[in-house]
Amino acid sequence: MLFSTLCGFLAVGNAWAQSSTVDAYVASQSPIAKAGMLANIGPSGAKSEGALAGIVIASPSSVNPDYLYTWTRDSALVFKAIIDQFTLGIDTTTRTEIDNYVSSQQIIQNVVNPSGSLTTGGLGEPKFNIDETARPQRDGPALRSTALITWANFLWAEANTTYVTGTLWPLILNDLNYVAQNWNQSTFDLWEEVQSSSFFTTAVQHRSLREGVRLANTIGQTSVVSGWTEQAENLLCFLQSYWNTAGYITANTGGGRSGKDANTVLASIHTFDAAAGCDALTFQPCSDVALSNLLTYVDSFRSVFPLNSGIAENQAVATGRYPEDTYQGGNPWYLTTLAVAEQLYDALIVWKAQGSLNVTSHSLSFFQLFDSSVAVGTYASSTSTFTTLTTGVQNYADGFVAKVAQFTPAGGSLSEQYSKTNGAQVSAVDLTWSYAATLTAFDARAGTVTASWGAAGLTSSCSTASGGGGGSSSGTVEVTFNVDATTVFGQNIFICGSVDELQNWDPDTALALSSANYPIWSITVALPASTSIQYKYVNKEGLHYHLGSCHDPNMEITTPASGSFIENDTWQS
Ligand SMILES: *[C@@H]1O[C@H](CO)[C@@H](O)[C@H](O)[C@H]1NC(C)=O
Ligand SMILES: *[C@@H]1O[C@H](CO)[C@@H](O)[C@H](O)[C@H]1NC(C)=O
Ligand SMILES: *[C@@H]1O[C@H](CO)[C@@H](O)[C@H](O)[C@H]1NC(C)=O
Ligand SMILES: *[C@@H]1O[C@H](CO)[C@@H](O)[C@H](O)[C@H]1NC(C)=O
């Protein structure tokens, strides 16, 4: 008890020191990130000489790697950040840059390129000013239309209707007709490596069509509404298929990797809609499925990067694109580490606004990072559990920013990657997207809520990805384990077993049961349906516990085909 009290004090002390470090970093790095981003935008950016007005270069790096191009996706994400900041009143000095971006995209949309012309697939070309084979990447038009629709909604509200219908709408129409017609073609993922279907692409395509329909209705361009709505419904349905019962989102449907990928975390932050709460259908940042996915993604880098060795399970680590990555050495990236923080800040915004949070069987392992005895349930903001969990999430999130701060060199410039062994800068220098990711993460930390795109209240007739605690996952059933076990104060009961959902016999990560109904300890877990599963309860602090022992299965259950199930056991030492 004394030991854990001391630990508690130390943790609080560290969190406080960390939070002031992060505050200081946010203050010093914000203007640097803004300047670094603008330096890479033509015609007057200090590091983008030769780029035309409104053109965003990915990085000034022209050799190893050569990034002196303008990617449709990177440019759109950069201008989405700029337009969000402008329309929310955070920085209204960038109107010229936004106008230039619009003009530049009027030209770019019409450039005939290896993917085709405007009417034959050319909008899928990922980058311009290079002669290479076509590598269609279908996220660019979706993200560009998202940036432009945010701008259009703002200008429409200001009664600038001529510019919206005359200038912005034709650009948006090209992009969204492309999305509606081509979303079901395979694509290169956002890293331009795997050709299949990509979660990030599907998620941003879905968002773009939904907000396109809203804008079309607002400005009276209703002829597109039924076609785009139909494809948005197909996309939402298809989006569910990326979830896998191991508790994470598979980033790509092909490519032979684990599928654990920053792709999924980036999708969650770029489709955040606070009005949708913790909706699992659209994988909102605070949804149980997105939190389970975040944990799986983060933990996949613990053993991959030497930089992360020895860091406790509930502390932030450096993360990269995907654990199998070898590009430029396969290191952590600034923008992916920041994306984890941003997803968590987005989640905190919603929990605080709603005054409660839900722990479900999907998100239990995530929340146990911050309170090992937390149980499935709803916690109102008046409860100490809510405070413990949200404080824990805030500190964990700040930890990812602190990681970036730790490996930001003096002067604040951010390259693409930082070394997995010593944190030194690697790959393209001054990556524009690194700076944009910094600004959006900082804004989320400050509680900034970006405009709604219409995610609230959507339904889908397709089987949903998540149980959301309700036991509706396809292929899984909610099983409640109750065990009658007498313990002494300080002891806890855990469960481990023969499937991933029961941590594959790993004693270190065995799931903690709740003692809320002591002496009945219980936990609800989503398990594969119609499956025979061995399991064991352990009392890690008990007299008869052998260190590292979670074996000797002495119990077995065969899960039903559907619905839920309650297993009642008695403790066997
Ligand atoms: C509408 O917005 C455009 C783009 O920023 C601007 O050039 C134009 O002056 C605005 N028109 C009005 C009437 O405010
Ligand atoms: C196209 O849609 C169908 C049905 O949703 C899906 O099974 C298929 O994988 C999709 N193909 C691609 C390349 O997105
Ligand atoms: C918690 O779950 C309930 C029931 O499913 C839902 O109505 C509520 O919106 C959820 N709250 C949050 C913050 O997720
Ligand atoms: C376990 O007990 C609950 C009531 O507490 C009951 O509803 C459930 O059917 C029992 N499970 C089994 C497998 O008997």
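Remember, predicted model here, so these are calculated numbers, not experimental data. Numbering of ligands and ligand atoms starts at 1, following listing order.
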What I'd like to find out is whether the side chain of Val401 reaches to under 4.5 Å of the side chain of Tyr345, using heavy atoms alone. yes
Looking just at side-chain N and O atoms, do Thr250 and Asn244 make a donor-acceptor pair shorter than 3.5 Å? yes
Any donor-acceptor N or O pair under 3.5 Å, side chains Ser363, Asp288: no
Using the six-membered ring wherever Trp is involved, compare the ring planes of Phe366 and Phe370 and label them parallel, tilted or perpendicular (cut-offs 30° and 60°). perpendicular
Are the aromatic ring centres of Phe86 and Phe154 under 6.0 angstrom apart? yes
Would Tyr163 count as a polar contact of ligand 1, with the cut-off being nitrogen or oxygen pairs under 3.5 Å? no
Less than 3.5 Å between some nitrogen or oxygen of Trp151 and one of ligand 1, yes or no? no
What atoms of ligand 1 come within less than 4.0 Å of a heavy atom belonging to Asp99? 4 (C), 5 (O)
Is any side-chain heavy atom of Phe272 less than 4.5 Å from a side-chain heavy atom of Gln343? no
List, pair by pair, the atoms of ligand 2 and of the protein that are both N or O and lie under 3.5 Å apart, giving the separation rounded to 0.1 Å.
from     : atom 1 : to     : atom 2 : distance (Å)
ligand 2 : 2 (O)  : Asn184 : OD1    : 3.2
ligand 2 : 2 (O)  : Asn184 : ND2    : 2.4
ligand 2 : 11 (N) : Asn184 : ND2    : 2.9
ligand 2 : 14 (O) : Asn184 : ND2    : 3.2
ligand 2 : 14 (O) : Ser197 : OG     : 2.9

Contact with ligand 3 for Gly277, non-hydrogen, under 4.0 angstrom: no
Do the side-chain N and O atoms of Asn174 and Gln109 include a donor-acceptor pair separated by under 3.5 angstrom? yes
Which atoms from ligand 3 have a heavy atom of Cys278 less than 4.0 Å away? 13 (C), 14 (O)
Answer side chain, backbone, both or neither: which part of Glu158 comes under 4.0 Å from ligand 1, heavy atoms only. neither
Report yes if Asn358 has an N/O atom closer than 3.5 Å to an N/O atom of ligand 3; otherwise report no. yes
Lys NZ or Arg CZ of Arg138 over Tyr178 ring: under 6.0 Å, within 45°: no
Paired with Phe199, the side-chain contact (heavy atoms from CB on, under 4.5 Å) test is passed by just one of Asn252, Asp261, Leu239, namely Leu239
